[in-house]
Amino acid sequence: APLSPSSALPSFFMKGSIIQLADGELKRVEDLRTEDFLQSAEVSRELKIDSSTVERIDSSRTPDAVIIQFSVGEHKAQVCVEVLVEYPFFVFGQGWSSCCPDRTTQLLALSCAKLSVGDVCISLTLKSLK
Amino acid sequence: NVEPRSLQVFPWHSLVPFLETSQSN
C-alpha cells in the first residue's frame, strides 16, 4: 500500500531554506545539485543514494494527491508512494521536479520541472541493507 | 528595529525520500 501523503509539505522545501550537507557546508534548497547529495551520501555511514525511476504516475482518491510508482535501485524493487501533486523530488542531473510544478512554485517559491515517467530520482536507503 | 531570528538548518537527508526496498543479498 502506498504511503499516505501528509496534508502539508515540510517547510524545508520552501525556497531559501538552509540545508546542511554532510561535510557541514550550508546551501539554500534551491541551490542544491546532484553532486551535493552524492557527496553527502559518500560521507554518511548509514545512508546511500539509490536511483529511483518513475514507472507510473496515477491519480489518487485523495484530493490533490498522486500515486507514484518507482523502480528502486539495482534490484528494481517496486515502491509506491502517495504524495501531494506539489511534492518535489530531486531528479538526477535536472534538479527539483514535481507532478505540478506550477503549484510547487506557487506554494514554496521553489522552481521545479515537470516530473515525468522515466525520470530518475534521488532516494535514500540504508548502507547496511546487504 | 529588526530583531535577529534564529536560523533553522535542515539536514540534507530530509529532502529526498527514504525508499526502503527490504531487498537483501
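The chains referred to below are lettered A, B, ... by the order of the sequence lines, with proteins before strands, and numbering in each begins at 1.
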> Which of residues 99-110 of chain A have a heavy atom under 4.5 Å from any heavy atom of chain B?
Replying inline: none
> Taking non-hydrogen atoms and a cut-off under 4.5 angstrom, which of residues 31-47 of chain A neighbour chain B?
Replying inline: A/Leu32, A/Phe37, A/Ser40, A/Ala41, A/Ser44, A/Leu47
> With a 4.5 Å heavy-atom cut-off, do A/Leu124 and B/His13 have their side chains touching?
Replying inline: yes
>> Is it the case that atom NZ in A/Lys27 sees more than 12 heavy atoms from other parts of the structure closer than 6.0 Å?
In response: yes
>> side chain to side chain contact (heavy atoms under 4.5 Å, CB included), that's the test. Do B/Leu19 and A/Asp50 meet it? Break it down for me.
In response: CA-CA 9 Å; B/Leu19 299 180; A/Asp50 252 346; over 6 Å; no
> Any side-chain heavy atom of B/Pro11 sitting closer than 4.5 Å to one from A/Phe12?
Replying inline: no
>> Taking every non-hydrogen pair under 4.5 Å, which of A/Ala22, A/Ser11, A/Pro88, A/Ser52 racks up the most with chain B?
In response: A/Ala22
> Are the side chains of B/Leu15 and A/Phe13 in touch, meaning some heavy atoms are under 4.5 Å apart?
Replying inline: yes
>> Working to the nearest 0.5 angstrom, can you tell me the gap between B/Phe18 CZ and A/Ser123 OG?
In response: 9.0 Å
> For the residue pair A/Leu26 and B/Val9, what are the closest heavy atoms and their distance?
Replying inline: CD2-CG1, 3.8 Å
